[in-house]
Structures are given as structure tokens and as C-alpha cells.
Amino acid sequence: WLEIIALFLIVIAGILLRFDDLGEWRRTLETEAFFKNQPIHTTADAWFYLGLAQDLLADNYEPIDEKRGVPDSPPRKWPPPLLSVLIAIIAKITGISLAWAGAVMPALLGPLLAIPLYFLGRFYGGTIAGLSAALLSVLSPFYILRSNIGHLDTDCGIITLTLMVTLFFMYFGIEKTKKRYLYFSAAMVTYLFFLWWWDQASNVVTLLSLLPLVIALVLFYRPPRKEGLIFYGFLSSTLLVLLFVSGFDLPLQIIQKSWQQLLYVAKDASGDFPNIGITISEQSQADLNNIINDITGLQIPADRGPLIEAVYSLPFFSALAGLALLAWRRPAHALFLAPLFAVACLSFYANRFIVFLIPVVALGLGLLLQELWNRLQRYSPLHLVVIILALSFCTVTLFRHNDKITIFPSIPSRVVAGMDLAGRDTPSNGVIWASWDHGYAINFYARRATVNDGSVHGGERTVYNEMPLAIDSERLAANFMHFYVIRGMQGIHLLRQTMGNDTSKTMQLIKNVLRVGPQQGRTVIAQAHLQAKGPYRSLDDWLQFFFPPEHRPVYLFLDEKWPLAAYWWYWFGTWDSEKREGRHPLVKTFSNLEQQDNWLTGDKGLRINLETGEVTAEKFRARLSGLSSISDASPYEKRYPWPGNVFFGMIPSKGYGLLMDSNFSNSVFSKLFIRQQYDKRYFRPVALNQPAYQLWEVTGDIY
């Protein structure tokens with residue numbers, strides 16, 4: 001009973017700690033973290049699950065998701081993701097909003113990791129190992145980040161289900177009575193729930209779940225002859241039926257898909273287009289010091305010496321010592337943890353996998369504390385004092401680290417307001433062109449279609465998504481958006497086949513035609529000598545291909561995040577598939593701008609002499625080629641009579657400025673967002689609330 005109470009208190013402490021940020025949101029971020037009294041979530045994936053839950057409640061869950069990945073809209077999963085189903089059920093039963101139901105769910109589910117980890121620790125070491133592992137895992141900073149209030153994603157349940165299925169298969173293997181088949185059944189049911197929970201990575205779920213079964217069968221399961229024949233007969237029949245239904249190449253599919261995902265994690269850049277994984281924060285590569293900090297809360301000082309580094313790294317390497325001790329004493333039983341440990345090692349390739357490393361480290365520390373307890377037990381009560389001090393140190397360190405950090409919503413309310421406005425000021429069949437990480441949010445808040453999001457954001461699609469904003473021609477940008485919304489990637493692939501599968505030549509032809517419009521485009525197409533392909537046989541057919549007679553309203557949504565993420569989106573937008581490279585721009589944002597006489601000052605040490613164009617900021621020094629200002633009257637631009645590679649655009653009323661190189665300053669994004677010097681035939685402002693957001697109607701040429 002004392003163990004049950006202790007475990008219960010650990011879970012409650014984990015829940016309370018995850019709700020801690022809510023108070024901070026209300027105290028200091030009321031205008032940032034809430035929209036119409038509803039919480040804004042801390043991860044982009046949240047709106048994917050909320051959108052599906054929204055459709056489930058409205059009985060509008062169609063087989064094809066027409067609001068995503070336009071025009072190549074992906075099919076929807078059936079059954080719907082378990083996370084969305086649970087949110088819809090909670091909202092319907094309790095009457096609370098989807099936003100609140102989704103916000104609290106990860107905070108309630110995340111601490112449940114303590115339960116299977118406690119039983120694993122208890123099996124491998126004892127009570128101290130189980131409770132210590134449960135406590136340390138639930139309080140780990142990175143796990144709180146991935147299961148905090150508002151972080152609606154599958155991470156809050158992935159590790160719990162992984163450990164549960166491992167635990168049940170382990171019990172199945174070591175149990176000698178018929179009770180083992182109850183464990184087997186529990187493991188299979190957990191596996192099915194796991195597949196439903198993490199449906200976007202079914203191959204990983206299968207490997208994590210069924211490898212412990214293989215270990216149990218090979219090393220431990222030794223039934224009587226008749227019992228074994230019945231069980232293996234049932235297992236073989238089930239496997240044959242599964243292969244017959246899914247295809248006999250199912251094992252090969254699982255391996256191939258796992259390999260593709262491994263290449264994605266490893267940032268493999270093979271092919272004509274870049275790997276999107278290198279731009280995603282959760283896929284960034286972490287070094288050992290960062291991993292130690294994320295798991296233990298111990299930030300190794302920058303000016304450390306070898307002794308200081310050893311002290312701060314002690315908990316992490318002590319955990320490895322505990323695991324090594326387990327492997328030495330009970331190698332067969334330790335093998336059940338091998339699949340989890342293998343995925344945890346991917347933490348050094350992508351930091352999102354640190355979540356798999358957390359239970360491994362917590363279990364290792366728990367086992368080491370159990371070993372100390374056992375060895376010092378003869379010196380009672382010294383063993384109790386040592387364990388209490390060790391756990392107190394770890395717990396206080398984790399609490400202090402978590403108390404310093406507030407996890408903010410990923411999109412501020414002022415930007416969400418723009419998405420909400422887009423849903424009211426655009427037609428229902430409109431397509432909103434936006435960055436891929438806003439795709440889900442626009443689907444949810446505006447209920448409008450998008451071209452890219454967090455599930456379909458491959459390298460090729462993202463290049464097409466960002467290219468119109470990185471080029472210098474508004475005509476080309478508008479025509480490409482309309483072309484892509486109708487033809488999509490399938491249309492580009494069809495054209496590429498007529499160009500000898502040359503990606504570079506295909507993109508150059510598309511740009512050449514769309515840049516000059518239908519009349520001059522006829523000449524460009526004729527000179528390309530395009531062969532007949534599908535329905536496109538004559539010159540007029542190909543003109544209709546580039547300038548589709550079908551029409552769908554297209555709108556462009558820009559917001560304050562674009563300049564901050566310019567390093568990567570501009571790189572995608574300028575991607576050269578022949579050279580396999582793009583251009584990284586110089587873009588710096590400034591706030592608190594103030595003008596006194598001929599001087600403009602701002603944060604980050606910004607000083608600009610408006611007369612001479614000399615600019616200094618932090619360690620940067622240059623001479624401006626030009627300067628623009630957006631006022632209530634009309635945009636103003638000044639050019640300096642000397643060559644320069646730096647341009648400054650500002651919004652004086654908001655105290656906001658943007659320093660950029662000349663290439664970036666001539667991009668369509670810059671012309672619209674900060675300069676507002678653009679071709680009015682192709683872009684019409686619908687709502688301008690810069691720098692928070694802008695909504696533009698996009699008009700293309702018609703053949």
C-alpha cells in the first residue's frame with residue numbers, strides 16, 4: 001500500500017507540474033496564449049488532431065482530406081487517430097471546448113509513464129529502483145516539454161505504450177503457468193492500441209512491440225509439447241492471415257519504411273530536393289551536453305573544467321553504469337530493453353528521440369540507487385539516508401530547472417487572429433498559401449485549404465511552397481501559385497517526364513513560361529518542343545496546362561514568423577536541383593525603433609545614420625543601398641547614391657524593422673511584407689496588420 005500511495009503521488013506531482021505553465025500564461029501572456037478565451041497550443045501538430053476531432057464531432061470525417069496538401073489531398077486514416085477520437089469524446093461528454101480538451105490531455109496522460117516504468121524497475125531491481133525510475137522520468141525536463149499542457153501530440157503516450165507492451169511480453173516469457181497467455185493477450189491488445197495511437201509510424205510500433213515477443217519466444221517460452229503446438233499453431237495461422245490480407249511483402253515494407261525514416265532522421269539529402277528534416281527543430285542534432293541537460297536538468301557551465309564537467313555528467317553516466325550492471329547480471333532479461341535502447345540511441349541524430357532515452361536513463365539511475373540500498377542495508381539507517389539524499393538532490397534539481405522554464409504557445413494570439421479573419425474574409429473554396437508549419441493551424445482556425453503542412457511537407461513540396469516568395473517577380477509568383485493549386489506535384493511530374501526527367505530543366509521551363517504570361521509563353525513553349533503527354537498534345541493544350549482554365553481562389557498569408565525563419569524557407573525557395581543547393585539570406589529583425597534627427601536606433605545595438613546610410617548592429621557594420629518605410633499614408637523608399645548590399649525596411653508605427661541583403665529585399669516576400677512595392681495586378685491586400693500578419697488575394701494570368 002505504501003508503494004501504491006508513493007506511485008500515486010508521483011503521478012499527481014507530474015500532472016501538477018505540467019499544469020504549472022497555465023498560471024504563467026494567465027499572469028503574463030493573456031494576450032499571447034489565449035484566443036477568444038481558448039488556449040493556443042504549443043506544438044503545430046496539435047491543430048491536426050484538433051481539426052480531425054472537429055470533423056468527427058460534425059460528422060464530417062470524409063475519406064479524403066480536401067483541405068490539406070492541395071491539390072494532391074491525402075487520404076484520411078481509418079479508423080481516425082485515437083488521439084482525435086479521445087478529444088472528440090471528452091468534448092462531447094463534458095461539454096468543454098476542443099481546445100481545452102486537447103490542452104489538458106497531454107498533461108494528464110504524460111505522467112502515466114510512471115506506472116509501467118515502476119513495474120519494470122521493480123522487476124529488474126526492487127522497490128527503490130521502480131519508484132526512483134518512475135519519479136525521475138516523470139520530472140525529466142524534456143519529457144515535461146513533450147507532455148506539457150498544450151503540447152497535444154502522440155509523444156505523451158508513446159513511451160508509456162512502448163514500456164507496457166515490453167512489460168507484458170516479458171511477463172509472458174518468464175511466467176510458467178497458463179497465466180502467461182493473459183499477459184500475451186494484454187500485450188497484443190496494447191500493441192493494437194499502440195498502432196492506433198501512433199498510426200503515422202506503424203512500422204516503428206511493430207518493431208518496438210514485436211521484438212520483445214521474439215525475445216520472449218526464443219529465450220524464455222518453454223511450454224509442454226501439446227501446449228506449445230497449440231500456441232505456435234495459433235500464432236502461425238494469425239501471421240499467415242495477416243500476410244494474406246496485407247501482402248506477403250509486409251515484412252519487407254516494414255523494413256523499407258523504417259529505413260526511409262532513418263534516412264530522414266539522419267538528414268540524408270539524396271535526390272533532387274533537400275531533406276526537410278534539417279530545418280525542423282525537433283529533428284536537430286543534439287550533443288551530449290544538451291542531452292544531459294534535457295534529461296537531468298543539469299546545465300553544464302560554458303567555462304567548465306574537466307572536474308566540473310564530470311560532476312554535472314555524473315547522473316547520466318551513473319545511469320549507464322546501472323544499465324551495464326543489469327546487462328552483466330541478467331543479460332537475457334535485459335534484452336527486452338534492447339529495442340527501446342536502439343531507438344533511444346537515435347537521440348544523437350534527432351533530439352525528438354530523447355523522449356525514448358528518458359526512461360532508459362531513469363531506469364539506470366533507479367537500478368544504481370537500488371544497488372546502493374542493498375549494499376548499505378547492513379548499515380541501517382545509513383542506507384535510508386543515502387537514498388533520501390540522492391533522490392532529494394535529483395528531485396530538487398529537476399523541480400528548479402522546470403520552474404525556470406515556461407513553454408509558450410507556438411503561435412501568438414495576434415497571428416491566430418489573422419487566421420480567424422482569413423476564415424471570415426475568404427470564400428469557402430479558397431486556398432490559403434502559407435508556410436508548412438502553419439498548415440494545420442489554418443485548417444483549424446480558418447477552415448480553409450492549404451498546400452503544405454507537417455505531414456506532407458517533403459523536400460520537393462516545400463521547395464514549391466517557398467519558391468514564389470523567394471523570387472523577384474510578382475507575376476511569376478502569382479501564376480505559379482495558381483498553376484500549382486490546380487496542377488500540383490502530379491502536373492509537375494507529368495511535365496518532367498516530357499523533359500527527360502530533368503528536374504532542373506523542368507523548373508526552368510515552368511518559371512520561364514509563368515514569368516511572361518500566356519501570350520509570350522506560347523513562344524517559350526514552342527521553343528521547348530514539348531512532346532504530347534496525356535491530354536496535352538497541342539500548343540494550346542500546353543498553354544492550358546500552364547494557365548489552367550479551372551480556377552480556385554488563392555490567398556497568401558504572411559506573418560511575423562517568416563522573417564525569423566527566413567534562413568531556411570528562403571534556402572528552399574532558391575533551391576537549385578542541379579547544384580543541390582540554395583541561398584541562405586542575411587535577415588535580421590529589430591524592434592523598439594526610435595528616430596531622433598538623422599539617427600534611427602533600436603534593440604540589438606541598432607544605429608542607422610539616415611543621411612549617410614551607415615548601419616551598425618551588434619557586430620554588424622555596413623552601408624545601406626536603400627531604406628523603406630510603411631506609413632499610414634503611402635510606402636516611402638529612399639535610395640542611397642552608392643553601391644551596397646544591405647537594405648532596411650521598417651514600420652515606424654510598430655517600431656519594427658528588417659535588415660536584409662539586396663537579393664532578399666527584392667524578393668516577393670519583401671515587396672509585400674515590409675516594402676509594399678508590388679505589382680497590383682497580381683496581389684491585392686485583404687488585411688494588413690504587419691508585422692503580426694498580412695492576407696493577400698492572389699490573381700494570376702488567364703489563358
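- Aromatic ring orientation, F480 versus Y464: tilted (interplanar angle from 30° to 60°).
- With sequence neighbours left out, L340 forms a side chain to side chain contact (heavy atoms under 4.5 Å, CB included) with T162, L163, F356, P359, V360.
- Within the 3.5 Å criterion, the main-chain N or O of G454 finds a donor-acceptor partner in the side chain of H457.
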Audit row: V70, R552, side-chain contact (heavy atoms from CB on, under 4.5 Å) steps and yes/no: CA-CA 11 Å; V70 170; R552 191 168 179 181; 3.8 Å; yes
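- Here the CG atom belonging to L136 is positioned 10.5 Å from the CG atom belonging to L363, to the nearest 0.5 angstrom.
- Within the 4.5 Å cutoff, side-chain heavy atoms of C156 are placed close to those of W197.
- The two residues T160 and G110 have their closest heavy-atom pair at OG1-O, 4.5 Å.
- Shown here for F673 and P563, the closest heavy-atom pair between the two residues is CE2-CG, 3.7 Å.
- At least one side-chain heavy atom of M419 sits under 4.5 Å from a side-chain heavy atom of V415.
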Determine, step by step, whether S73 and E66 satisfy the side chain to side chain donor-acceptor pair (under 3.5 Å) criterion, reporting the C-alpha distance in whole Å, the side-chain angles of both residues, the deciding distance to 0.1 Å, and the verdict. CA-CA 5 Å; S73 299; E66 295 181 350; over 6 Å; no
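- In terms of modelled atom types and a separation under 3.5 Å, the side chain of S137 and the main chain of A362 share no donor-acceptor contact.
- Under the 30°/60° scheme for interplanar angles, the aromatic rings of F34 and W100 are found to be tilted.
- Going from atom CG of L83 over to atom CG of D199 covers 9.5 Å, rounded to the nearest 0.5 Å.
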For R414 and D559, what are the C-alpha separation, side-chain angles and deciding distance, and is it a salt bridge (charged side-chain N to carboxylate O under 4.0 Å, His left out)? CA-CA 10 Å; R414 56 184 175 272; D559 70 280; over 6 Å; no
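- Taken from CE in M481 to CG in N465, the straight-line distance is 9.0 Å, to the nearest 0.5 Å.
- In terms of heavy-atom proximity, H438 sits nearest to F557 at CD2-CE2, 4.5 Å.
- Here the side chain of W569 pairs a donor or acceptor atom with the backbone of W562 at under 3.5 angstrom.
- In terms of heavy atoms, L98 sits closest to A53 at CD2-CB, 3.9 Å.
- Two residues are said to be in side-chain contact when any heavy atoms from C-beta on lie closer than 4.5 Å; H151 and I407 fail this criterion.
- The shortest distance between side-chain heavy atoms of F273 and W575 falls below 4.5 Å.
- Shown here for W25 and I40, the closest heavy-atom pair between the two residues is CH2-O, 3.9 Å.
- Minimum heavy-atom separation, A91 to L57: CB-CD1, 4.2 Å.
- Side-chain contact between Q694 and N689 is absent, with no heavy atoms from C-beta onward closer than 4.5 Å.
- Using modelled atom types, no side-chain atom of T450 and backbone atom of I432 make a donor-acceptor pair closer than 3.5 Å.
- Between the D155 side chain and the R146 main chain, no donor and acceptor come within less than 3.5 Å of each other.
- Rounding to the nearest 0.5 Å places CG of L161 at 7.0 Å from OG1 of T190.
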Evaluation steps, side-chain contact (heavy atoms from CB on, under 4.5 Å), between F483 and V485: CA-CA 6 Å; F483 162 78; V485 162; over 6 Å; no
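- In this structure, the side chain of R448 engages the main chain of P427 through a donor-acceptor pair within 3.5 Å.
- Two residues are said to be in side-chain contact when any heavy atoms from C-beta on lie closer than 4.5 Å; V698 and W433 fail this criterion.
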When you look at R447 and Q54, which way does the side-chain contact (heavy atoms from CB on, under 4.5 Å) test go after all the steps? CA-CA 10 Å; R447 302 305 291 164; Q54 195 173 44; 2.6 Å; yes
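- The environment of NZ in K77 is crowded: more than 12 heavy-atom neighbours from other residues, nucleotides or ligands sit within 6.0 Å.
- Distance alone, capped at 3.5 Å, is enough to place a donor-acceptor pair between the H41 side chain and the A99 backbone.
- Looking at N443 and R68, their side chains come closer than 4.5 Å, going by heavy atoms from C-beta outward.
- Judged by the 6.0 Å and 45° rule, R76 forms a cation-pi pair with Y61.
- Summarising the geometry, atom CZ belonging to R18 is positioned 7.0 Å from atom CG belonging to N148; distances are rounded to the nearest 0.5 Å.
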side-chain contact (heavy atoms from CB on, under 4.5 Å) between L208 and V165: does it pass, once the steps are laid out? CA-CA 9 Å; L208 282 172; V165 75; 5.9 Å; no
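- In this structure, the side chains of D153 and P106 stay at 4.5 Å or more apart for every pair of heavy atoms.
- Checking side-chain atoms of W196 against main-chain N and O of P80 turns up a donor-acceptor pair under 3.5 Å.
- Summarising the geometry, atom CH2 belonging to W198 is positioned 6.5 Å from atom OG1 belonging to T154; distances are rounded to the nearest 0.5 Å.
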Does the pair D437 and S435 meet the rule for a side chain to side chain donor-acceptor pair (under 3.5 Å), with working shown? CA-CA 6 Å; D437 51 349; S435 62; 2.7 Å; yes
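- Scanning for ring pair (Phe, Tyr, Trp, His ring centres under 6.0 Å) contacts around Y440 gives F48, with sequence neighbours left out.
- A donor-acceptor pair is defined here as one N or O able to donate and one able to accept, closer than 3.5 Å; such a pair exists between the side chain of S347 and the backbone of F353.
- Remark: the backbone N or O of G459 is not paired with any side-chain donor or acceptor of T462 at under 3.5 angstrom.
- In this structure, the side chain to side chain contact (heavy atoms under 4.5 Å, CB included) partners of R461, at least two apart in sequence or on a different chain, are D72, N452, V456, Y484, M489.
- Of the options W568, F664, Y570, a ring pair (Phe, Tyr, Trp, His ring centres under 6.0 Å) to H584 is made by W568 and by none of the others.
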